[in-house]
Enquirer: 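Questions regarding the structure given below will be posed in turn.
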2 protein chains.
Amino acid sequence: MATSDPVYLRVVEDIRRQITDGTLPPGAPIPSRAQLTRKYQVGETAARHALRVLASEGLIIGRVGSGHYVRERPDLSPLHRWRFLDHPAPFAADLQSQGRRVTWDWHSEPAEAGPDIARRLRLDESTTLTRTHYVFRGDGRPLQLATSYEPLEFAAHTEEERRSLVARVYAHGIKITEIVESVHTRVPRPAESDALDLPAGIHVLHVERTHWAGDRPVETSDIVIPGDRFRIMYSMPV
Amino acid sequence: MATSDPVYLRVVEDIRRQITDGTLPPGAPIPSRAQLTRKYQVGETAARHALRVLASEGLIIGRVGSGHYVRERPDLSPLHRWRFLDHPAPFAADLQSQGRRVTWDWHSEPAEAGPDIARRLRLDESTTLTRTHYVFRGDGRPLQLATSYEPLEFAAHTEEERRSLVARVYAHGIKITEIVESVHTRVPRPAESDALDLPAGIHVLHVERTHWAGDRPVETSDIVIPGDRFRIMYSMPV
DNA sequence: CGAGGTCACTTGGAGCCCCAACTTTGCAGC
DNA sequence: GCTGCAAAGTTGGGGCTCCAAGTGACCTCG
């Protein structure tokens, strides 16, 4: 039954097994196209296709001129929601608690809401609000992107204000009562692959977070996280 | 600068644009390999590669003997956590509330914990527990997989008991106090692609859910959801 | 000993071809 | 009008080849 399977799958499965069972440790070189054709008695097309499939699964990474190598797959670091709710940098406090030196760049600009954000903040599409882009880095390497949208009146003006959205909004007599996050996964957009330094085939977790004051949305943000490096932990008291 | 870009990218970008801006609506046929080579003046390899990339992004789907078509991408259905916490079938109640006729198959069997589950339930690796596999279907189509692990003493024996883990555990004088879920994304395993009827390139959301009674884990399960069809909503009171 | 250059090897893009298995369409015959 | 079949078109697996750009090892020369 398995004899009529495509031949490239034989190669994929053999190498995948060697990677998962540790025969090929992270960083180990994968045989080159030429070596695979000889070793598995397959054509170049099959060898090439096998490498592409393994790369798209995130198991190996190809370096032009050098070869394919088993990808370093750090254990999925947990990002704990619920512990660090009121933080301008979602998950950043969590990364810090993992002993990484977390830095971040941000820049704000006025922007039109647009259909998507308008719906999420229950505003008119043409409303102008403050959009802030964040890039978070751990020990220099990019870890996470976030884009936050706030109505102008809540926007932070000082570094101090930026630290707590809750306090900032409370200054207007509005109390945040709920945070809603929606998680899904998707292919990174080109700009995101670039900013996060993602190899092909790695998906991202996209978290849409909205701060609510009663039934009024107060802030919303899009958080983009490499899907293969992190797990998001939600803890819910019963 | 963009003139030296690979030619297959020109094709990918042009078709992607047509799909996202609606020129090619869901279900619309994509030009065949032969047509693409003529239309974009590229070789077969480039046309083929472009189609493969678009398919791996989940934008199109190939049907052998027929052609490639723009994939139907139903809006990401929300699965609300927090609302239906004590349910044997995670998210199933939620699917039902979306007007789908949800059915599910399950079967239980005794199984050894193994390293992973042993760690999650803080048991010995060789402990025997009840493993239950669920397949959830909405209007006949598979929507979600779940595998639940319960120590033998908490396992359900009647259909009635199956309805509430909280009640089942409470019968032993143990009160569930917390549910922890960890979300990440990964490539579906072959069995999962099969069971969920997933085309190549679609990732899954993997939710590890653990019910805790104080500092004692009481049940844990793995929930696997097509990443492109669902979003998981977490709602956290501040 | 160190610097620089050459050369072999590797990836990734691209082209062309063959074939099996499957779908669609259109036509011929009942 | 309907059935059944053949032909044409399509995907996906596989093979072969050429080439540009990058890497790494080694060797030669100052």
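Chain letters run A, B, ... following the sequence lines, proteins first and then strands; every chain starts at 1.
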Enquirer: Donor-acceptor pair, A:S66 side chain versus A:R63 backbone, under 3.5 Å?
Expert: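 Not at all, since once roles are kept as given, no pair shorter than 3.5 Å links the two residues.
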Enquirer: With a 3.5 Å cut-off and no angle check, do the side chains of B:S182 and A:R231 form a donor-acceptor pair?
Expert: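 There is such a pair (donor and acceptor under 3.5 Å, judged by atom type) between the side chains of B:S182 and A:R231.
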Enquirer: With nearest nucleotide decided by heavy atoms, which residue, A:I61 or B:V42, maps closer to the 5′ end of DNA chain C?
Expert: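 Per heavy-atom nearest nucleotide, the more 5' residue is A:I61.
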Enquirer: Please state how far atom CD1 in B:I60 lies from atom P in D:dT11, giving the value in whole angstrom units.
Expert: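 My rounded result for the distance is 9 Å.
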Enquirer: Answer yes if the side chains of A:Y134 and A:Q144 hold a donor-acceptor pair under 3.5 Å, and no otherwise.
Expert: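 Absent: no donor and acceptor within the cut-off.
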Enquirer: Tell me the interatomic distance from B:Y8, atom OH, to C:dG12, atom C1', rounded to whole angstroms.
Expert: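 One finds 9 Å between C1' of C:dG12 and OH of B:Y8, rounded.
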Enquirer: Pick out which of A:L198, A:T185, A:L145 makes a side chain to side chain contact (heavy atoms under 4.5 Å, CB included) with A:V204.
Expert: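 Only one of A:L198, A:T185, A:L145 forms a side chain to side chain contact (heavy atoms under 4.5 Å, CB included) with A:V204, namely A:L198.
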Enquirer: Are A:S32 and C:dT10 close enough that a side-chain N or O sits under 4.0 Å from OP1 or OP2?
Expert: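 So the side-chain polar atoms of A:S32 do come within 4.0 Å of the phosphate oxygens OP1 or OP2 of C:dT10, strictly under.
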Enquirer: For the pair made of CD1 in A:I30 and P in C:dG12, what is the distance, rounded to whole Å?
Expert: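 In whole Å, C:dG12 P and A:I30 CD1 are 13 Å from each other.
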Enquirer: Please report the shortest heavy-atom distance between A:L143 and A:P226, naming the atom on each side.
Expert: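 In this case the closest contact between A:L143 and A:P226 is O-CD, 3.0 Å.
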Enquirer: Over all heavy atoms of both residues, which pair between B:A47 and B:V42 is shortest? Give the atoms and the distance, please.
Expert: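 Taking every non-hydrogen atom into account, N-CG2, 4.1 Å.
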Enquirer: Any salt bridge linking B:R131 with B:E150? Criterion: basic side-chain nitrogen under 4.0 Å from a carboxylate oxygen.
Expert: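 No.
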Enquirer: Less than 3.5 Å apart, any donor N or O on the side chain of B:R120 or B:T210 sitting next to an acceptor on the other?
Expert: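 No, no side-chain donor-acceptor contact under 3.5 Å.
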Enquirer: So, applying side chain to side chain donor-acceptor pair (under 3.5 Å) with A:T132, which one of A:S221, A:S108, A:S148 is it?
Expert: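 Of the listed options, the one satisfying the test is A:S108.
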Enquirer: Does the side chain of A:H203 come under 3.5 Å of the side chain of B:H203 through a donor N or O and an acceptor N or O?
Expert: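 Their side chains do contain a donor-acceptor pair, which is all the 3.5 Å distance test asks for.
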Enquirer: When the distance from CG of B:L51 to C1' of D:dG12 is rounded to whole Å, what number comes out?
Expert: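 Answer to the nearest Å: 11 Å.
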Enquirer: Could you write out DNA chain D as a dot-bracket string, with dots for unpaired bases, | for bases paired across to another strand, and Watson-Crick or G-U pairs counted at under 3.5 Å?
Expert: ||||||||||||||||||||||||||||||
Enquirer: Please list each protein N or O that sits under 3.5 Å from an N or O in nucleotides 3-7 of chain D, with the distance.
Expert:
none

Enquirer: Atom CG of B:L9 and atom P of C:dG13: how far apart are they, to the nearest Å?
Expert: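 Whole-Å distance recorded here is 8 Å.
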Enquirer: Check this one for me: any side-chain N or O of A:H68 less than 4.0 Å away from OP1 or OP2 of C:dT11?
Expert: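 For C:dT11, OP1 or OP2 has a side-chain N or O of A:H68 closer than 4.0 Å.
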Enquirer: What is the separation between atom NE2 on A:H49 and atom C1' on D:dG15, rounded to the nearest whole Å?
Expert: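 After rounding, the gap between these two atoms is 14 Å.
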Enquirer: Starting at atom CZ of A:R63, determine the distance to atom P of C:dC9, rounded to an integer number of angstrom.
Expert: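 Distance check: A:R63 CZ to C:dC9 P gives 21 Å.
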Enquirer: For the backbone of B:S32 and the side chain of B:Q35, can you confirm whether one donor and one acceptor N or O come within less than 3.5 Å of each other?
Expert: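 Answer holds: yes.
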Enquirer: Is there a donor-acceptor contact under 3.5 Å from the side chain of B:E57 to the main chain of B:L54?
Expert: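 Side chain of B:E57 to backbone of B:L54: no pair is present.
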Enquirer: For nucleotides 18-22 of chain D, tabulate all protein N/O to nucleotide N/O atom pairs closer than 3.5 Å, reporting atom names and distance.
Expert:
| unit_1 | atom_1 | unit_2 | atom_2 | d |
| --- | --- | --- | --- | --- |
| D:dG22 | N2 | A:G65 | O | 3.0 |

Enquirer: Less than 3.5 Å between a donor and an acceptor, one on the side chain of A:T45 and one on the base of D:dG14, is that the case here?
Expert: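 Checked by distance alone, the answer is no.
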Enquirer: Quick one: B:R38 CZ to C:dC16 P, roughly how many Å, whole number?
Expert: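 Distance check: B:R38 CZ to C:dC16 P gives 13 Å.
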